[in-house]
Each structure stands twice: as C-alpha cells, then as structure tokens.
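Read through the structure below, which is laid out as structure tokens, and then see the notes.
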Amino acid sequence: MPQPNPLPMEHWHEILLSAVEWLGPVPITFLSRSLELSPLVPELVRFANRLECAASIYGVDGGIDDDLALRLVDCGLSRACLVLGGVTPDLHAEVSGRSVGRTTAAVSALVRARELRRVALDVVVDFPCTPGTAKDLAAVLGWAQQAGADGFAVSPPFLAPAAPVQLDDALARRVAALEISQDPFHRTARGTVQGLRSTWEAGDGGPGGHGPTRCPVAGLRLDVRGCGRFGSCPFHRSMGRLQPGAGVAEAWAGGREHFDAVHSCARRCRHQELVPPGLAPPWSPR
C-alpha cells in the first residue's frame, strides 16, 4: 500500500470477514513498504480486533508520527516491528530506501503512544543483516535498547547480495548467541545464522537462499496485496485477484499452480512477519 487500483474499505472488510469465517481468528500483519502508511490501516486494525485477530505492522516506517502512532494504538495494534538497516544513514537507506531519521522517529512515536495510553504494544526493531550492513549490528542493537523498544532481532535479508559472500565466523558466533539468549529483548529466531549463510552465499540477487528443505510458506501464509492480488509467496505469480463477493476459501482452493510453484522452488526465504510472538518462524518455534 498504496498500489494501483487499491481495494476500498468495504472490500477489505469483506475479505477479512471471509478469511476469519474460514480459518477462525488468525494473526494479521500489515506490511509497510510505502513512504506513507495507507490511511486504511488504522481502521483495518480496528476491524481485525473486532474479529479477535491480533493485528501487527511490519516493515519500513510508513511515515508514523505521534498522531498516527496514537491512532494505531487506539485501534488496538498489538505489535509494531520496524526495519532499521543501520545507524549509518547510507546503510539504512540501502536496506529500506528511507531516511534513518524517519525510522527512528517512528519507533520513538510508537513507544511514546504506548506509554501515554498505558497499553501492551510490543515494539520490535528488526535488523536485516547484509554484507554491507553487518558492521552496524552492535550499534542498532544499542539504539533499540536506548529507544525503549521491547525487542530486537537480526534477520536474513529478503534478497541475496549481488555476488556470493562468506559469512564471517565472528559474526556467525555473535548472531548464534542472540538466537539462544534467554533475554526476552532478544527476538532473533533460531536458524538465523543458517539463513544468513545460505542467503549471502546465494549471491545472485534473488529472494532468500538455497536450502535442503522445501519452502515453508505455502499453506501457512495468505498474502493479500493492496490491489487485491493474493497468494502465499510474493515472489511467485499470484493466484489472481480477490473479487467482491468471492469467498477467500473458494479462491484459495483454485491456487494449485501457485502452490506447485512454491513447493518446487529451490529458494528458502525467511518471512519474518509470519506469526507472533516476536519473529520466530512457525517451522522453528522457540
């Protein structure tokens, strides 16, 4: 969001209601990739809460200021996980395409809103670790603590670097220690070192890395874009576009070609936004 021909609010309500009638209450994550968060998101967070679905946002800052942070909190947002690519402006821009000042301001606004409303909003800082940004890991961790975030996670980047890179042993040890930490502030999922190594070594600019196991996404993730196109994997051709009046379960049942493409994919992506708590993926529970 925003995307060409965005769905109206009424259609979003219909989609969420249809999905919950099919699956029951499920966690819902709103992915933020745009310079400004869609104005529909706060109301959709409110609607999700009415359906007893825990609502989270994940991604770049989306222009969250104090007013928007309060709206999101008042609508019942349960988790905000924002990407910080580095405290060095150029490194953060490399990962998110945003000014580091905007993202730090968004995290601070969410922390202030939580404290003002005295609610249990979980604010997490996610650090996608690339060969170029790895040197800022300690600085981002320290910043997240100082900013008042509730958690910090290292994650593999969505896309492999342009050329193969070997994971440094010292970095691997540091991330491995975060994986097994018992401190609730540390949300780095188990398997992150493996994910970093495979993604970096892929070295072709493609999604995720190569792995010996099948992609875990098909059947676990329903991804609906702002224009209404839907599927499990954002990197494969979607199943189609959800039309008004069409049930989500019925549309999902027609996605065999999409599922076959995902199951036969040689890449293993780490979709950090899949399910709470924290960033732990469902195939490697903490």
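When atom types are taken as modelled, the side chain of His236 and the backbone of Asp260 share no donor-acceptor pair closer than 3.5 angstrom. Here the side chain of Ser18 pairs no donor or acceptor atom with the backbone of Ile15 at under 3.5 angstrom. In this structure, the side chain of Thr199 does not engage the main chain of Ala160 through any donor-acceptor pair within 3.5 Å. In terms of modelled atom types and a separation under 3.5 Å, the side chain of Ser32 and the main chain of Asp61 share no donor-acceptor contact. In terms of modelled atom types and a separation under 3.5 Å, the side chain of Trp22 and the main chain of Gly247 share no donor-acceptor contact. Between the Glu179 side chain and the Thr192 main chain, a donor and an acceptor come within less than 3.5 Å of each other. Between the Arg237 side chain and the Glu257 main chain, no donor and acceptor come within less than 3.5 Å of each other.
The minimum heavy-atom distance between Ile180 and Gln182, with the atom names listed, is O-NE2, 3.2 Å. When all heavy atoms of Thr188 and Ala153 are compared, the pair lying nearest together is OG1-CA, 3.6 Å. Residues Phe185 and Ala149 approach most closely at CE1-O, 3.3 Å, considering heavy atoms. Nearest heavy atoms, Ala106 versus Leu82: CB-CD1, 3.6 Å.
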Residues Arg268, Ser198; criterion side-chain contact (heavy atoms from CB on, under 4.5 Å); working and verdict: CA-CA 9 Å; Arg268 182 184 175 93; Ser198 65; 5.8 Å; no
Start with the C-alpha distance between His13 and Glu10, add both sets of side-chain angles, then the distance that settles side-chain contact (heavy atoms from CB on, under 4.5 Å), and finish with yes or no. CA-CA 5 Å; His13 284 176; Glu10 295 77 11; 5.7 Å; no
Hey, mind stepping through Asp126 and Tyr58 against side-chain contact (heavy atoms from CB on, under 4.5 Å) and telling me if it holds? CA-CA 9 Å; Asp126 180 38; Tyr58 174 90; 2.6 Å; yes
Arg174 and Asp168: side-chain contact (heavy atoms from CB on, under 4.5 Å), yes or no, with the steps? CA-CA 10 Å; Arg174 175 153 200 167; Asp168 178 79; over 6 Å; no
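Between Asp66 atom CG and Arg71 atom CZ the span is 13.5 Å, to the nearest 0.5 Å. In this structure, CG in Leu77 is found 12.0 Å from CG in Leu70, a value given to the nearest 0.5 Å. Taking CG of Asp150 as the reference point, atom CZ of Arg79 lies at 9.5 Å (rounded to 0.5 Å). Put simply, CG on Asn49 and CG on Leu44 are 11.5 Å apart, with the number rounded to the nearest 0.5 Å.
Between Glu43 and Arg46, at least one side-chain nitrogen of the basic residue sits less than 4.0 Å from a carboxylate oxygen of the acidic one, meeting the salt-bridge criterion. Taking 4.0 Å as the cut-off between side-chain N and carboxylate O, Arg267 and Asp204 count as a salt-bridged pair.
Looking at heavy atoms from C-beta onward, Arg241 lies in side-chain contact with Leu7 at the 4.5 angstrom threshold. Counting only heavy atoms from C-beta outward, the side chains of Phe259 and Ser232 approach each other to under 4.5 Å. Asp122 has its side chain within reach of Arg187: a pair of non-hydrogen atoms, C-beta onward, lies under 4.5 Å apart.
In summary, the aromatic rings of Phe152 and Trp143 are positioned with their centroids too far apart to meet the 6.0 Å limit.
Hydrophobic clustering, with ILVMFWY side chains joined whenever heavy atoms are under 4.5 angstrom apart, keeps Val73 apart from Leu116.
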